[in-house]
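Accompanying notes for the structure given below.
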Amino acid sequence: MAERTITPDLARTCWNDAAEPWDHFVEHKDVYRHELHGKYLLEACGDVADENVVELGCGQGWFCRRLAERGANVTGIDWSDGAIGYANQHEANNPLGITYHVMDARSADEQLSQASFDLVTGCHSLMDVPEPDRALKAAAKLMKRDGRLVFSICHPGSDTPYREWDRDENGNKIGRPLKINHYFDRLEKVMHWNMQRLIRPFDTVQYRWTIEQWSEMIAAPGLLITRIREPRPTPEQVKHHPDLEDAARLPYSLIFECIHDPR
């Protein structure tokens with residue numbers, strides 16, 4: 001198969017094509033989201049009752065629903081009309097008052113009311129945006145002056161362009177990853193998803209930025225990082241969900257909590 005040229009249009013097309021298997025995976029098979037990074041992100045968002053919240057890159061609305069269940073007034077946006085179709089199906093089946101829009105996070109400030117949201121968030125989504133700096137500038141404009149930006153990404157320290165686990169004779173992960181390399185390399189590629197947990201394989205476009213680059217992109221529109229979190233499962237969680245054991249040794253997610261810089 002010929003190598004495809006990476007463009008935002010290709011990234012959007014891939015997510016549209018992946019809408020069905022992604023919805024099934026997130027809803028039924030993504031133990032890391034359900035038991036680890038999704039829970040940590042919800043905790044980081046704090047008390048959202050009666051707050052106006054927008055999720056950038058909401059996909060099929062899994063995290064929007066968690067916020068709405070806590071009393072937030074939620075708007076979800078995603079550039080994939082396929083994903084938003086599934087989000088609207090979930091809303092129809094279990095109405096929570098969530099409003100969804102097919103919208104590019106990079107220009108959300110041009111279509112939504114600026115300075116109108118108490119919380120802007122994204123659950124493992126902004127790292128999939130072709131230009132996350134533009135999405136973060138939009139987020140800053142959408143936030144009220146005392147608003148917050150709280151979002152999670154794959155951890156740049158472990159989600160490197162090259163990594164490999166040592167495995168035993170049964171294929172189980174042991175020790176540390178055999179190699180983690182090329183941390184500083186720019187990455188832009190089509191990633192093929194083919195885990196057994198999927199109802200069918202699919203492709204997405206993957207981008208990669210270092211922690212320093214994320215901090216620069218956050219600071220550029222006048223935002224200040226107030227806290228970072230690295231979700232880690234408890235021994236009790238690992239006992240009940242053995243698949244999380246590797247995340248007890250290496251951080252897979254990074255959560256940023258940000259506000260407008262008061263200086």
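In this text, all values refer to a predicted model and were calculated from it rather than measured experimentally. These numbers come from the heavy atoms of this one structure, side chains and all, not from hydrogens, waters or symmetry mates.
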Check V54, V53, I255, L149 against T121 for a side-chain contact (heavy atoms from CB on, under 4.5 Å) and give me the one that passes.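 When side-chain contact (heavy atoms from CB on, under 4.5 Å) is applied between T121 and each of V54, V53, I255, L149, only V53 qualifies.
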Name of the residue among T160, L250, I211 meeting side-chain contact (heavy atoms from CB on, under 4.5 Å) with H155: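 Of the listed options, the one satisfying the test is I211.
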Would E43 and R229 satisfy side chain to side chain contact (heavy atoms under 4.5 Å, CB included), going step by step from the backbone distance to the final call? CA-CA 10 Å; E43 177 185 328; R229 303 188 188 212; 3.1 Å; yes
N/O donor-acceptor pair under 3.5 Å between [X] side chain and [Y] backbone:
X	Y	answer
S125	L56	yes
T210	F184	no
E245	P242	no
H240	E236	yes
H37	L254	no
N52	D118	no
R70	R66	no
Y32	D243	yes
Y252	P231	no
D104	W79	no

Please report the interatomic distance [atom1]([X]) to [atom2]([Y]), rounded to the nearest 0.5 Å.
X	Y	atom1	atom2	value
E55	C123	CD	SG	6.0 Å
D261	I218	CG	CD1	12.5 Å
R12	T7	CZ	OG1	10.0 Å
I259	R145	CD1	CZ	9.0 Å

For [X] and [Y], which heavy atoms make the closest approach, and how far apart are they?
X	Y	value
A135	L126	CB-CD2, 4.1 Å
A140	H260	O-CE1, 3.0 Å
S116	S113	OG-O, 2.5 Å
A108	A138	N-CB, 4.2 Å
R232	Y40	O-OH, 2.8 Å

With salt bridge (charged side-chain N to carboxylate O under 4.0 Å, His left out) as the rule and sequence neighbours excluded, what pairs involving residues 77-95 come up?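 As it turns out, there is no salt bridge (charged side-chain N to carboxylate O under 4.0 Å, His left out) pair with a partner in residues 77-95 once direct neighbours are skipped.
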Do [X] and [Y] share a hydrophobic cluster, counting only Ile, Leu, Val, Met, Phe, Trp and Tyr and linking them when any side-chain heavy atoms are less than 4.5 Å apart?
X	Y	result
I225	L142	yes
L67	I84	yes
L187	V205	no
L36	I228	no
F151	L112	yes

Quick one, T13 with N16, criterion side chain to side chain contact (heavy atoms under 4.5 Å, CB included). Give me CA distance, side-chain angles, the key distance, then yes/no. CA-CA 5 Å; T13 297; N16 273 327; 5.7 Å; no
Where do R208 and H182 land on the side chain to side chain contact (heavy atoms under 4.5 Å, CB included) test, with the steps shown first? CA-CA 11 Å; R208 199 186 170 281; H182 301 295; over 6 Å; no
Taking the side chain as everything from C-beta on, heavy atoms only, tell me whether [X] gets closer than 4.5 Å to [Y].
X	Y	result
I77	Q111	no
Q206	D159	yes
K189	Y207	no
E257	R148	no
W193	P21	no
H124	F63	no
P156	W209	no

Answer yes when E27 and R65 have at least one side-chain N-carboxylate O distance shorter than 4.0 Å, and no when they do not.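 A salt bridge links E27 with R65.
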Going by the rule side chain to side chain donor-acceptor pair (under 3.5 Å), which residues pair with D23 if we only count those two or more places apart in sequence or in a different chain?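 Once residues adjacent in sequence are excluded, the partners of D23 under the side chain to side chain donor-acceptor pair (under 3.5 Å) criterion are Q60, H90.
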Who passes side chain to side chain donor-acceptor pair (under 3.5 Å) against E35, sequence neighbours left out?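 Listed in chain order: K39.
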Under 30°, 30 to 60°, or over 60°: which ring-plane class applies to F202 and W22, parallel, tilted or perpendicular?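 Rings of F202 and W22: perpendicular, over 60°.
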